[in-house]
Amino acid sequence: MVTILSILSILLSIIYALLVLFLNKGWLNLPNFVFKNIQPITKVSIIIAARNEEDKIALTIDDILKQEYQKELFELIVVDDHSTDATAEIIGSYANHGVKLIKLNESEPLNSYKKKAIAEAIKIASGELIITTDADCRMGSLWLPTIINYYNQHDYKLISSPVAYFEEKTWFEKLQTLEFSFLIGLGAAGIGNKMASTCNGANLAYRKDVFIELGGFKGIDDLASGDDELLLHKVAFAYPSGIGFCKSYDAIVFTHAKENLKAFIQQRKRWASKSVKYKDKRIVALAVSVWLSNLSLILNLLFSFLFPTILCVFAAQYFLKLLVELWFLIPVLTFNKRKGLLFLLPILTLIHPLYFIYIGIAGNSGKYNWKGRMVR
């Protein structure tokens, strides 16, 4: 029995290694975006759904208003999602700068307030291109012109752009930054391999007419999360060649890692909850194989206390996982200028499977707390 389990474990690790190498190929398939001097003509609507963000929302709005793009060609619509703090008042104070405020006022409880907020904003949006970001994000002044320039060069239906953590204060936050860089790289690599799987709504652009054509969030609005990833899947199904990733440092939006383990777990449960709606069997198969690979790693560590020979299998799995993840992360962290975090990879490689196994189960089997509300 021990021999059979060892063989299965090694096979799962080899599958995982091949998958990461495939992802590395996808990342490298994406050329670094080169900005071209194209006359700006595209009208853009930037949408933010905000709930209880009084401490950060003004910084985000200020960054957007400073974008080096013609003011008459973009609008900012911020939707207040039943905030109980001063968020709405702060947004309203920017009315003389052209910032539009929408207040959700549903009397009946919803499960997907964020999707509702975005859909309401799109109804009044005048832009050809919709760009969503979050109320706690920061961006440089070239963020908007870079994404629009990329859109004008390639005419994609949906564009995913990079997100990164910054201003870490603890080792826990630095570990999150390293792991999050892997996730963003994974999403980009899927697009590079023509198998789009994930993206982040903090930096997502799509054509308004495509959103309407595909019925918006209809069919995926029963989950609280998924305004980004599940919409990506809808667009990718309808337009397999219509997805792009803007691989430019100027296109990055920055946000903060979670300050404690409880908040981190809630966030990851929310992200994992979207997997129940995956329809692409290739993505489901890859996700399951990664989960099983991580499970076998932890089981072999535990079994090694009973069967010392298993320790060799665990060591082989661990170092193979470490090496392929290092191979993948070097170009990703070179891109976002965070190579200094690589020294934490041996720690992350060891502890990542522990929470990944738990999240894979918990994220698909229950409710979680999001912005002070229990949702599913």
Side-chain angles (χ1 to χ4, degrees), residues 20 23-24 26-28 30-33 35 46 48 53 55-57 59-64 66-67 131-150 158-192 196-205 227-229 232 244-259 263-264 267-268 270-271 325-345 347-348 352:
V20 176
L23 292 173
N24 178 259
W27 175 266
L28 297 177
L30 295 167
N32 291 320
F33 175 60
F35 194 98
I46 302 169
I48 298 174
E53 298 284 1
D55 57 334
K56 296 184 176 73
I57 185 67
L59 296 172
T60 305
I61 293 175
D62 287 340
D63 281 355
I64 292 173
K66 293 175 183 175
Q67 294 300 303
I131 299 181
T132 63
T133 188
D134 288 341
D136 58 354
C137 287
R138 305 297 306 276
M139 55 281 288
S141 62
L142 295 177
W143 167 69
L144 183 57
T146 300
I147 294 173
I148 296 173
N149 193 273
Y150 181 76
L158 181 147
I159 297 168
S160 173
S161 295
V163 183
Y165 290 159
F166 76 145
E167 296 179 343
E168 302 91 349
K169 299 181 180 65
T170 65
W171 290 109
F172 177 57
E173 292 180 358
K174 289 181 179 179
L175 283 167
Q176 289 181 67
T177 300
L178 183 60
E179 188 244 8
F180 188 65
S181 296
F182 188 94
L183 294 177
I184 294 299
L186 183 154
I191 294 172
S197 60
T198 185
C199 61
N200 195 296
N203 205 2
L204 189 64
D227 55 281
D228 44 17
E229 194 170 298
L232 167 72
F245 182 84
C246 187
K247 193 177 177 183
S248 168
Y249 187 83
D250 288 327
I252 297 178
V253 300
F254 297 91
T255 188
H256 296 91
K258 295 303 178 182
E259 66 280 2
F264 171 78
Q267 180 192 59
R268 292 307 197 265
R270 172 165 58 88
W271 290 357
E325 289 177 353
L326 178 65
W327 185 260
F328 178 74
L329 277 170
I330 286 176
V332 174
L333 293 175
T334 299
F335 163 75
N336 66 12
K337 303 179 182 179
R338 298 306 303 271
K339 282 179 68 177
L341 294 172
L342 281 172
F343 78 98
L344 291 170
L345 186 58
I347 300 172
L348 182 64
H352 177 262

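What you see is a predicted model; the values in this text were computed from it and never measured.
L204 pairs in a side chain to side chain contact (heavy atoms under 4.5 Å, CB included) with only one of the listed residues (L158, T133, I131, I159), which is L158.
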Applying side chain to side chain contact (heavy atoms under 4.5 Å, CB included), run through V20 and N24 and close with a yes or a no.
CA-CA 6 Å; V20 176; N24 178 259; 5.7 Å; no
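With rounding to the nearest 0.5 angstrom, the CG atom of L142 is 7.0 Å from the CZ atom of F35. Rounded to the nearest 0.5 Å, atoms CZ (F245) and CH2 (W27) are 5.0 Å apart. Interatomic distance, Q67 CD to I148 CD1, rounded to the nearest 0.5 Å: 8.5 Å. To the nearest 0.5 Å, atoms NE2 (H352) and CG (L178) are separated by 10.0 Å. To the nearest 0.5 Å, atom CD of residue Q176 and atom CD of residue Q267 are 7.0 Å apart. Atoms OG1 and CD1, from T198 and I184 in turn, are 7.5 Å apart once rounded to the nearest 0.5 Å.
Here T255 pairs with D136, C137, V163, Y165 under the side-chain contact (heavy atoms from CB on, under 4.5 Å) rule; sequence neighbours left out.
When all heavy atoms are compared, the tightest approach of T177 to R338 is CG2-NH1, 3.9 Å. Heavy-atom minimum distance, N203 versus P162: ND2-O, 2.8 Å. Between M139 and I64, the closest heavy-atom pair is SD-CG1, 4.1 Å.
F254 and F166 have tilted rings, their planes meeting at an angle from 30° to 60° on a 0 to 90° scale.
Within the 3.5 Å criterion, the main-chain N or O of A135 finds a donor-acceptor partner in the side chain of T60. A donor-acceptor pair is defined here as one N or O able to donate and one able to accept, closer than 3.5 Å; no such pair exists between the side chain of E167 and the backbone of H256. T132 places a side-chain N or O within donor-acceptor distance of the main-chain N or O of G201, the cut-off being under 3.5 Å.
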